[in-house]
Amino acid sequence: MDIGDGTRAVRAGLPEPVKYEPTLPGPVFAAHFHLPGEPTGPYTYGRDENPTWTHLERAIGELEAPGERGVETLVFASGMAAISAVLFSQLKAGDAVVLPNDGYQALPLLHEQLRAYGIEVRTAPTGGDGQLAVLEGARLLWIETPSNPGLDVCDIRRLVREAHAAGALVAVDNTLATPLGQRPLELGADFSVASDTKGMTGHGDVLLGHVSCRDPQRAAEVRRWRKVVGAIPGPMEAWLAHRSLATLQLRIDRQCSTALSLARVLAERADVTGLRYPGLPGDPSHEVAARQMRRFGPVVSFELADRKRAERFLEALRLVDDATSFGGVRSTAERRGRWGGDAVAEGFIRFSVGAEDPEDLIADVLRGSPRRGRSRRLRRRWRQERGAPSHPPRGSERPRFHTRRPPEQG
């Protein structure tokens, strides 16, 4: 049956209905299972398999490759656990791996460990398909697109074609896009990997990751690594993640729509430079992104003049949490330079758009502008373009919500 993304997200991974049983069974808390006789069957020991994982893995597999049989998905305790499982199950001493030099901040920690195991690590930028320049002789090409936090995009089809011709496997970190925005397996990748802590679960209350692939041998190798290191999710986390998938399409569509609106508004601010959003026409990555992405994600990045200006901007926000991570229903923003490790300017902001009403979020961002008169004009024009009145009727103003304690009066 040909169904839409929303229907698929709501129904994904659900077991066949059984009278008097819940639609989505609750989490199974078990270290071991009744196992008389020969140790065969799906559930033997809690580090190997769990019925709650099974439902979630089927659900994610249906989102990664709708209608396909044979795609295997494995869930992990975190995104880094999923990333590590692919790298360390597929590489051995003497192999070479190509990683992005502008990817997730924790990747350099993996560089150190890979080199300690005798694996050659090569890096190149995501944009312009720069990793092709160092691909020759590599065993594995690791792609992160859009990249975090810079939001560069590479041509997955092209990189897959060249890598396979050179005898290399391809893994795509699809965290920012989610399967509703981009399906790496359909684009030819061998592995689709994600931190489901972010947009997939979307509530900022679960650490989780997954790996999906078609090749049963590769899947078995990843599964063995998960068993060896014990990088398994708890059943409660797996159940919460499955429950959260039902709203994935609703969340992602709202977030992507508002992210585009925010990018358009920021593009008119004189104090904003280096604005990036793959869904924005004119963005350096838009043409490539439009060929392979169905939704462009919830993250917008930009630069303000310096660290001081960026910190003032963040402090002025009332509906946006100053926090790391992205993809959640509550908007977050942060000055990425505070962590070190990312090659970004001191005033660089990564802004993750949540599910708030767009007009409220845009107004909150524009309040942080040093040019208040221009901000008011931008707010009026943005409302007019959306068909909303420039000034809401008296009595219809939305309540203000403060995430920080207001200053003392008097």
Side-chain angles (χ1 to χ4, degrees), residues 79-80 99-112 123-128 130 144-154 173 175-176 195 197-198 204 258-259 262-280 282-285 296-328 330-354 361-362 364-372 374-375 378 403-404:
M80 281 300 291
L99 299 168
N101 65 8
D102 52 356
Y104 180 45
Q105 183 205 29
L107 284 180
L109 299 176
L110 288 172
H111 296 180
E112 297 173 16
T123 63
T126 298
E144 184 179 307
T145 181
S147 61
N148 169 34
L151 303 183
D152 269 323
V153 173
C154 60
D173 185 332
T175 299
L176 197 145
S195 169
T197 306
K198 314 297 196 298
T258 306
L262 175 62
R264 286 171 171 160
V265 168
L266 290 172
E268 299 197 40
R269 280 183 54 161
D271 60 330
V272 169
T273 59
L275 174 67
R276 296 301 303 272
Y277 182 63
L280 190 66
D283 183 274
S285 293
F296 298 105
V299 179
V300 178
S301 69
F302 56 95
E303 293 180 21
L304 297 175
D306 51 33
R307 172 176 178 168
K308 185 177 180 180
R309 176 69 193 96
E311 289 175 346
R312 285 205 310 269
F313 168 79
L314 294 171
E315 289 170 2
L317 298 172
R318 293 295 177 267
L319 300 179
V320 182
D321 295 328
D322 189 341
T324 195
S325 199
F326 58 84
R330 288 173 286 277
S331 292
T332 61
E334 68 169 337
R335 190 182 67 81
R336 283 299 291 177
R338 65 181 176 170
W339 296 98
D342 289 322
V344 296
E346 284 293 294
F348 180 95
I349 300 290
R350 184 182 69 184
F351 196 114
S352 174
V353 174
L361 190 61
I362 298 293
D364 193 43
V365 169
L366 290 178
R367 267 196 299 271
S369 172
R371 301 174 63 184
R372 298 299 178 88
R374 176 171 174 79
S375 291
L378 285 174
T403 58
R404 301 172 180 83

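- Distance check, rounded to the nearest 0.5 Å: CG of L262 to CG of L366 gives 8.5 Å.
- Taking CG of L304 as the start and CZ of R312 as the end, the distance is 9.5 Å to the nearest 0.5 Å.
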Full working for side-chain contact (heavy atoms from CB on, under 4.5 Å) between F326 and N148: CA-CA 10 Å; F326 58 84; N148 169 34; 3.7 Å; yes
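- Taking CG from L107 and OG1 from T123, the interatomic distance works out to 10.5 Å, rounded to the nearest 0.5 Å.
- Nearest approach of S352 to G327, heavy atoms of both residues: OG-N, 2.8 Å.
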Criterion side-chain contact (heavy atoms from CB on, under 4.5 Å) on V344 and E303, from CA distance to verdict: CA-CA 9 Å; V344 296; E303 293 180 21; over 6 Å; no
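- With sequence neighbours excluded, no residue forms a salt bridge (charged side-chain N to carboxylate O under 4.0 Å, His left out) with R264.
- With sequence neighbours excluded, the residues satisfying side chain to side chain donor-acceptor pair (under 3.5 Å) with D102 are T126.
- Here the CG atom belonging to L176 is positioned 11.0 Å from the OG atom belonging to S195, to the nearest 0.5 angstrom.
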Begin from the C-alpha positions of M80 and L109 and carry the test side-chain contact (heavy atoms from CB on, under 4.5 Å) through to its verdict. CA-CA 10 Å; M80 281 300 291; L109 299 176; 5.6 Å; no
Test T324 against R336 for side-chain contact (heavy atoms from CB on, under 4.5 Å), laying out the working first. CA-CA 8 Å; T324 195; R336 283 299 291 177; 3.3 Å; yes
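- Partners of D152 by salt bridge (charged side-chain N to carboxylate O under 4.0 Å, His left out), not counting sequence neighbours, listed by chain and number: R276.
- What you find for S325 and K198 is that their closest heavy atoms are OG-CD, 3.1 Å.
- Closest of all the heavy-atom pairs between R269 and V365 is NH1-O, 3.3 Å.
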Evaluate D364 against R367 for salt bridge (charged side-chain N to carboxylate O under 4.0 Å, His left out), listing each step before the verdict. CA-CA 5 Å; D364 193 43; R367 267 196 299 271; 2.9 Å; yes
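- Remark: side-chain polar atoms of S285 are paired, donor with acceptor, to backbone N or O of V153 under 3.5 angstrom.
- How far CD1 of I362 is from CG of L266: 7.0 Å, rounded to the nearest 0.5 Å.
- What you find for A333 and F351 is that their closest heavy atoms are CB-CD1, 3.8 Å.
- Atom-to-atom distance recorded for R335:CZ and L314:CG is 8.5 Å, nearest 0.5 angstrom.
- Nearest heavy-atom pair, G337 versus E346, reported as atom, atom and distance to 0.1 Å: O-OE2, 4.4 Å.
- S301 and G150 make their closest contact through OG-O, 4.1 Å (heavy atoms, listed as atom of the first residue, atom of the second, distance).
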